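Each remark here refers to the structure printed beneath this line.
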Amino acid sequence: MKKVVVFVLMILLLSSIRLFSARGDELKLGCVSGVLIDGNTGRILYEKNAFEKRAMASTTKIMTCILALENGNPDDVVTVSQNAVGQPRVRMDVRLKEQYYLKDLLHALMLESYNDVAVVIAEHIGGSVKGFSKMMNRKARELGMTHSHFVTPNGLDAPKHYSNAYEMALLGAYAMKNQEFVKIVNRKKYSFSEITRKRNIVVTNHDLYLQMDSGAIGIKTGFTNQAGYCFVGANQSEQKIFVSCVLGSGWPPSKNQKWKDTMSLMGYGKKKYQWKKISPTRQFTIQLRNGTFRKMFVRQSGTIKILKNKKEKIRYENIYSYNLPVRKNQVVGYTKVYINDFYFGKIPIKSMENIPIYNYGFCFGKIMDLFYI
């Protein structure tokens, strides 16, 4: 009888362990590497091999598009070169010396992911593909993408064309701050004509994530033999902006794995992370290094709004910087707010009193006061 009881207890224990594990924070992602970040701050909320060096396929076109928006004019007339005509599929089949408005090409770039269009844009903005790649790498450095290197404007596999999931998510978060970029990647369909020959073209958005999640706002798919299926996605709900990136999210025929991984990451962010207001308004004293009083009464005053989960602990660090004399309500330092080592911002620390400087003039005044008591 005892053996039966022990066996039943072991079964119950193993079941509870499995149940606990299933309710844990681990996601079952099919991608080789993936990440979810806070789109406002760039803080990592979840990651799987997020810093692993990988090919990123047509998610590269996020960089191509944002550079064109920042360095070109939507009404620029762009002429097709022979180099652009010779690009591999997927392509719009541009023809030599055709002309298009830049704004039209950007829609073709992001909605249909045309490789020839990417080269047309790159040559217009950078003078050549090589010149444009220099612009891409310069922009990457500005955004903190220190482990990324761009060679092609369309994301076709190349030995020195690489990034990682975290840095591509950073790029996506940056791009989503450009409202024209957001409008482009959210359009379902767009039509335009070539300027000289009037060839009519219709492009359709192939980002299925836009139809899968009410908060979805983009961004870009990608696939090459080396990269596998890739996707950089963005979601906005309750003023929370999440940006995800999955690289190597399956190979043919697993075309839908990238959507499953993206939905898992976004669902995790929306479920686990909530807004929290940090308002450590309190009064305390600090020791004066050299003053007329041994201590100074101060107060914290301010609010920082951060995105956090229940398990994360907030850390505070007080930094003081002042010179005597100090006036009442003068800022004498800051309280820095962290989660782990991630810095969110600072809250002012103000003096609650006037603190004169301790010098000969002050001492002489005190002595003179004694004669009038």
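Any value given below was found using the heavy atoms of this structure, including those in side chains, with hydrogens, waters and symmetry copies removed. Since the structure is predicted, the reported quantities are computational estimates derived from the model, not experimental observations.
- Here the closest non-hydrogen pair linking D157 and T224 is OD1-OG1, 2.7 Å.
- With T64 contributing its side chain and P153 its backbone, the two residues share a donor-acceptor pair below 3.5 Å.
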Verdict with reasoning, T335 to Q300, per side-chain hydrogen bond (donor to acceptor under 3.5 Å, both in side chains): CA-CA 8 Å; T335 297; Q300 294 167 318; 2.6 Å; yes
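- Residue R187 comes nearest to H107 through the heavy atom pair NH1-NE2, 2.6 Å, listed as atom of the first residue, atom of the second, then distance.
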Evaluation steps, side-chain hydrogen bond (donor to acceptor under 3.5 Å, both in side chains), between N256 and Y229: CA-CA 9 Å; N256 292 324; Y229 290 110; over 6 Å; no
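- Surrounding NZ of K305 are more than 12 heavy atoms belonging to other residues, nucleotides or ligands, all under 6.0 Å away.
- Using modelled atom types and a 3.5 Å distance limit, the side chains of S249 and Q257 yield no donor-acceptor pair.
- When hydrophobic clusters are built by joining Ile, Leu, Val, Met, Phe, Trp and Tyr residues whose side-chain heavy atoms come closer than 4.5 Å, directly or via intermediates, M168 is grouped together with I44.
- The CE atom of M110 lies 5.0 Å from the SG atom of C65; values are rounded to the nearest 0.5 Å.
- No more than 12 heavy atoms of other residues, nucleotides or ligands shown are found within 6.0 angstrom of NE2 on H147.
- The nearest pair of heavy atoms linking V117 to L105 is CG1-O, 3.3 Å.
- Relative to the ring axis of F231, K258 does not place its NZ or CZ within 45° and under 6.0 Å from the centre.
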Side chain to side chain contact (heavy atoms under 4.5 Å, CB included) evaluation trace for Q274 with L307: CA-CA 5 Å; Q274 304 299 327; L307 203 59; 5.6 Å; no
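- For the pair R327 and E353, the salt-bridge criterion is not met [side-chain N within less than 4.0 Å of a carboxylate O].
- In this structure, N205 contributes its side chain and V185 its backbone to a donor-acceptor pair below 3.5 Å.
- Of the N and O atoms on the side chains of S33 and E52, not one donor lies less than 3.5 Å from an acceptor on the other residue.
- Atom CD of Q239 has 12 or fewer neighbouring heavy atoms from other residues, nucleotides or ligands inside a 6.0 Å radius.
- When the shell of 6.0 Å around CZ of F297 is examined, it contains 12 or fewer heavy atoms from other residues, nucleotides or ligands.
- With Y100 as reference, R199 is the one residue of R199, H124, E194 to meet the side-chain hydrogen bond (donor to acceptor under 3.5 Å, both in side chains) rule.
- Using a 4.5 Å heavy-atom cutoff, the side chains of Y343 and V337 are not in contact.
- M63 and L247 fall within a single hydrophobic cluster, where Ile, Leu, Val, Met, Phe, Trp and Tyr side chains are chained together by heavy-atom contacts under 4.5 Å.
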Side chain to side chain contact (heavy atoms under 4.5 Å, CB included) between I219 and M176, worked out: CA-CA 8 Å; I219 305 175; M176 294 306 287; 3.6 Å; yes
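- With respect to D75 and K103, a salt bridge is recorded, a charged nitrogen being found less than 4.0 Å from a carboxylate O.
- In the hydrophobic cluster analysis, where Ile, Leu, Val, Met, Phe, Trp and Tyr join through side-chain heavy atoms closer than 4.5 angstrom, F192 is grouped together with Y114.
- By the neighbour-count criterion of 12 heavy atoms within 6.0 Å, atom CZ of F342 is densely surrounded, having more than that number from other residues, nucleotides or ligands.
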Chi angles and distances behind the side-chain hydrogen bond (donor to acceptor under 3.5 Å, both in side chains) call for Q99, T196: CA-CA 6 Å; Q99 292 187 322; T196 58; 5.4 Å; no
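- M56 and F51 fall within the same hydrophobic cluster, where Ile, Leu, Val, Met, Phe, Trp and Tyr residues are linked whenever their side-chain heavy atoms come under 4.5 Å apart, directly or through other members.
- Contact of the Y101 side chain with the V78 side chain is not registered, since no non-hydrogen atoms from C-beta on lie closer than 4.5 Å.
- Y190 and D104 share a side-chain donor-acceptor pair at under 3.5 Å.
- For the residue pair S148/E167, the side-chain donor-acceptor check at 3.5 Å is satisfied.
- At distances below 3.5 Å, not a single donor-acceptor pair connects side-chain atoms of E26 with backbone N or O atoms of K28.
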K139/Y174 under side-chain hydrogen bond (donor to acceptor under 3.5 Å, both in side chains): CA gap, chis, key distance, verdict: CA-CA 11 Å; K139 189 68 178 182; Y174 173 79; 2.8 Å; yes
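- Between T60 and K220, the closest side-chain pair of non-hydrogen atoms is not below 4.5 Å.
- One side chain, K61 or S113, offers a donor N or O that lies under 3.5 Å from an acceptor on the other.
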Salt bridge (Lys or Arg N to Asp or Glu O under 4.0 Å) evaluation trace for D213 with K270: CA-CA 12 Å; D213 193 323; K270 286 187 279 188; 2.9 Å; yes
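- Listed here is the closest heavy atom pair of K160 and V151: O-CG2, 3.3 Å.
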Trace of the side chain to side chain contact (heavy atoms under 4.5 Å, CB included) decision for N154 with Q87: CA-CA 10 Å; N154 44 30; Q87 294 301 305; 3.4 Å; yes
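- Side-chain atoms of N73 and L102, non-hydrogen and from C-beta on, never get closer than 4.5 Å to each other.
- Using modelled atom types, one finds no donor on one side chain facing an acceptor on the other under 3.5 Å when comparing D261 with S264.
- A cation-pi arrangement, defined by a distance under 6.0 Å to the six-membered ring centre and an angle within 45 degrees of its axis, is present between R315 and Y338.
- The local environment of NZ in K276 is sparse, with at most 12 non-hydrogen atoms from other residues, nucleotides or ligands closer than 6.0 Å.
- In the model, S351 has no side-chain atom that pairs as donor or acceptor with a side-chain atom of Q330 under 3.5 Å.
- For K260, the NZ atom sits in a loose shell: 12 or fewer heavy atoms of surrounding residues, nucleotides or ligands are nearer than 6.0 Å.
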Worked verdict on I121 versus L106 for side chain to side chain contact (heavy atoms under 4.5 Å, CB included): CA-CA 8 Å; I121 293 170; L106 292 178; 3.7 Å; yes
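- What you find for H206 and T204 is that their closest heavy atoms are CD2-O, 3.0 Å.
- Closest approach of V85 to V94, counting heavy atoms only: CG2-O, 3.6 Å.
- For the pair I304 and I347, the minimum side-chain heavy-atom distance is below 4.5 Å.
- With hydrogens and angles left out, the side-chain atoms of N329 and R299 include a donor and acceptor closer than 3.5 Å.
- F150 and H161 have their aromatic ring centers within a separation under 6.0 angstrom.
- The hydrophobic clustering, which links ILVMFWY residues whose side-chain heavy atoms are closer than 4.5 Å, places Y209 and L109 apart.
- The 12-atom threshold is not exceeded at CZ of R89, counting heavy atoms of other residues, nucleotides or ligands nearer than 6.0 Å.
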